[in-house]
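Below is one structure; the comments refer to it alone.
Numbered from 1 within each chain, the chains take letters A, B, ... in sequence-line order. Below, all heavy atoms of this structure are taken into account, side chains as well, without hydrogens, waters or symmetry copies.
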Amino acid sequence: MRSNDTAAEALQELADLIAISGGDPYRVRSYEKAARAVAGWPADLDSLDRNGLIAIPAVGAHTADKLLELRKTGHIAALEELHAQVPAGLRALLGIPGLGPKRAHQVYVELGISSMPQLLAALHDEQLRHLKGWGQISERNLARAIRQMQEVGGRMPLAVALDIAEDLVAQLAALPQVTRIDYAGSLRRMRDTIGDIDLLAAADEDPGSVMEHFCTMPLVDRVLAHGPTKSSVVTTKGVQVDLRVVPAAVWGAALQYFTGSKAHNIRIRELAVHAGLKLSEYGLFRVDDGQLLASADEADIYARLGLPWIPPTLREDRGEVEAALDDQLPDLVEVTDIAGDLHMHTDLTDGLAGLDDMVAAAARHGYRYCAITDHAPMMAMQRMTRDKALHQRSKLPELTRRHGITVLHGSELNIGADGSLDWDDQFLASFDVLVASVHSDFDQSREEMTKRLLAAIEHPYVNIIGHPTTRLLGRRPPIDFDVDAVFKAAARTHTALEINAFPDRLDINDDLVRRARDHGVVFAIDTDSHAVGHLDYIRYGVAVAQRGWVAADEVINTWPLKRLRRFLAKRRHCPPTH
DNA sequence: GCCGTTTTCGGCCCGACTGTTTTCAGTCG
């Protein structure tokens, strides 16, 4: 784990434990803010001295000293003291929806509960209902929340949430009262995983009936909250969906608010306060006379605060507000900028569609070029041979003519455990584009894995490192390697890093993209398509790139073919050095 | 604990919903 993540986790734990101990809520917020700031800070924390740490927004002298202590000794004394006071299991209870620090503290002090099993036992014995502020209903809700947490657990991939949300949006849009509807929250920010789905609707007449309709839709399993303007339900598949209904006149303010992130909104509202204004989901108001300044249009809210409209994919309080104030927001890459897909498989290896179908699909996407990159022989189950590859290559000129799209011949090479690649250098030199990826031996040491990736990056003919961390959302953790060493080498050797758009990969992720950018790395946003329909996944890859602040010019597959070919030539004109 | 062309002290985003309350605390996003 990167030192920034370790530090952020320690600060977050500090915040949680102070909160449970009944400490000053503002101190809690300070540590939470510092945790977020540290996690999102581009430079490695270990490379910063005390002044460098204090230069991080939301990190002051106290936190800086704690971070230095953590680096030097491996722990923070203040945190150790809290550990002595707060039982280890108590913090985990904060993960239960509806159970916050106050009540966690209460059940610990009054009933001695400090773990999930103890809490379940107390629920079973109906002890909680007798506590001050509790009743039978709170007890039942808590039991339900625990059950739901255990059933549903984590987050779902972006693509799954987007499917559900688009379906619900279409259904609710059909109601005559609903004049506008869209999804908001982390879905609109296009995070790679989604916890729950936030929907926003505008209805001036009879908003209550919209709520009624929403709460009684067939896919609703149970209703968690049902108010006149805000409701939460859990679908039969265990996905929580929140719907908020507002008057059309406040659409922009409400959309801004419900898109978040929470951290971004706090920053924006602080700006408003400093300007003598107040921002809520109902609009931007002047404090002294309550005059409404903006509400219908999201861009107007930002404009009234002296900011350009900030794209939702940037709204994480990771420097976008400062950049907006300085008019330095990046000109983000868009789906329409993508000129071709450079990672596509066919049924020659493990794809489902034939070569002709895949090329035709790429042409239908309006691409000017695409690359066919079937697997190579080291992936033995793919049964690839040199002859098969050459035969495939021989068919490409005809396809280019027929579909009006330049078809590049490539291959997805396997990076062996020792960093070796498929085929000999002479044959490799004959491809237009080479993607190299790790497909096995994920558990190597950090040193071995770094060496392995560097070997592929340093190879004179490798153009793109495919799905660099090999993570699979919810199934396989990322491999461990020296990120900065690898990114630095990629930038130096003009080797692109892939932003793999396949929904359960999204690899590299937004944080790593941003860090790679700082090293001057360029990217290839590719779908790794194994079927015709997979080409549509490009939107998810573009979202990751946007969340990593990437501009179109930093993505090689937005470039005109001539420029792309110059990049792909890499060092093919030089004799291999090994 | 952090931060400052309002401030080195005194603020710190804002509102909805729930369940428990006779006016509000806790939690969430």
Side-chain angles (χ1 to χ4, degrees), chain A residues 11 14-15 18-20 22-37 53-67 78 93-107 128-142 144-145 184-189 194-200 207 211 223-232 240-246 250 253-254 256-285 287 305 315 317 321:
Chain A
L11 294 177
L14 202 48
I18 292 169
I20 296 177
D24 176 11
Y26 291 112
R27 253 184 96 208
V28 174
R29 214 186 98 186
S30 287
Y31 280 122
E32 285 177 339
K33 252 175 116 165
R36 280 198 308 273
L53 291 170
I54 291 176
I56 302 174
V59 174
H62 288 87
T63 303
D65 288 337
K66 289 188 172 64
L67 292 174
L93 300 186
L94 292 183
I96 304 170
L99 190 72
K102 293 279 165 56
R103 288 188 150 187
H105 182 67
Q106 185 189 23
V107 296
L128 296 170
R129 63 180 63 179
H130 305 301
L131 296 175
K132 183 173 166 56
W134 292 70
Q136 287 186 40
I137 297 175
S138 351
E139 206 175 57
R140 197 171 66 227
N141 287 346
L142 180 63
R144 193 177 272 174
S186 55
L187 198 50
R188 184 163 179 245
R189 302 200 310 279
I194 305 295
D196 52 29
I197 295 173
D198 294 303
L199 302 179
L200 179 67
M211 279 302 161
V223 179
L224 298 176
H226 185 167
T229 66
K230 183 182 167 185
S231 295
S232 294
Q240 183 174 332
V241 185
D242 299 340
L243 173 66
R244 189 75 185 255
V245 181
V246 298
V250 303
Q256 196 285 327
Y257 170 63
F258 289 113
T259 297
S261 66
K262 186 180 163 73
H264 173 86
N265 283 355
I266 289 175
R267 286 299 317 268
I268 296 295
R269 286 178 179 203
E270 281 170 356
L271 279 184
V273 170
H274 283 283
L277 309 174
K278 187 186 74 157
L279 177 62
S280 76
E281 58 263 54
Y282 296 113
L284 184 65
F285 302 87
V287 170
L305 292 168
R315 299 183 195 172
D317 191 23
V321 177

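- Here the closest non-hydrogen pair linking A/I96 and A/A145 is CG2-CB, 4.0 Å.
- The CD atom of A/E270 sits 18 Å away from the P atom of B/dT7 (whole-angstrom rounding).
- The separation of B/dC2 from B/dT7, taken at their C1' atoms, amounts to 13 Å, rounded to a whole angstrom.
- Looking at A/H105, its side chain does come within 3.5 Å of a backbone N or O of A/I20 through a donor-acceptor pair.
- Of the possible donor and acceptor atoms, one in the side chain of A/E139 sits under 3.5 Å from a partner among the backbone N and O of A/L128.
- Considering only side-chain atoms of A/D198, the nucleotide from B/dG29, B/dT18, B/dG19 that sits closest is B/dG29.
- If you take CG of A/L14 and C1' of B/dG1, they are 10 Å apart, rounded to a whole angstrom.
- Put simply, the side chain of A/K102 and the base of B/dG26 share no donor and acceptor less than 3.5 Å apart.
- Side chain of A/R103, nearest nucleotide from B/dG1, B/dT27, B/dT20: B/dT27.
- Of the candidates B/dG29, B/dC17, B/dG1, B/dC17 carries the atom nearest the A/A225 side chain, counting heavy atoms from C-beta on.
- Atom C1' of B/dT27 sits at a distance of 14 Å from the matching atom of B/dT20, rounded to the whole Å.
- Of the candidate nucleotides B/dG29, B/dT27, B/dC2, B/dC2 has the atom lying nearest to any side-chain atom of A/S30.
- Atom name C1', nucleotides B/dT8 and B/dC13: the rounded distance is 24 Å, in whole Å.
- One donor-acceptor pair, N or O on each side, does fall under 3.5 Å between the base of B/dG29 and the side chain of A/Y257.
- In this entry the distance linking CD1 of A/I268 with P of B/dG29 reads 21 Å, nearest Å.
- Sequence order on DNA chain B of the closest nucleotides to A/R29 and A/D196 puts A/R29 first from the 5' end.
- In this structure, A/Y26 packs face-to-face on the six-membered ring of B/dC12, meeting both the 5.5 Å centre cutoff and the 30° plane limit.
- Closest to the A/I137 side chain, of the nucleotides B/dG19, B/dC14, B/dA16, is B/dG19.
- Put simply, CG on A/L187 is 15 Å from P on B/dG29, counting in whole angstrom units.
- In plain terms, the two heavy atoms of A/A34 and A/T63 that are nearest each other are CB-CG2, 4.1 Å.
- Checking B/dA16, B/dG19, B/dC13 against the side-chain heavy atoms of A/R244 singles out B/dA16 as nearest.
- Distance check on atom P: B/dT21 versus B/dG26 gives 13 Å, rounded to whole Å.
- Rounded to whole Å, the distance from CZ on A/F258 to C1' on B/dC14 is 11 Å.
- Side-chain atoms of A/N141 lie closest to B/dT18 of the nucleotides B/dC2, B/dG15, B/dT18.
- Here the P atom of nucleotide B/dT18 and the NZ atom of A/K230 are 9 Å apart, to the nearest Å.
- Of all nucleotides listed (B/dG15, B/dG1, B/dG19), B/dG1 comes nearest to the side chain of A/K66.
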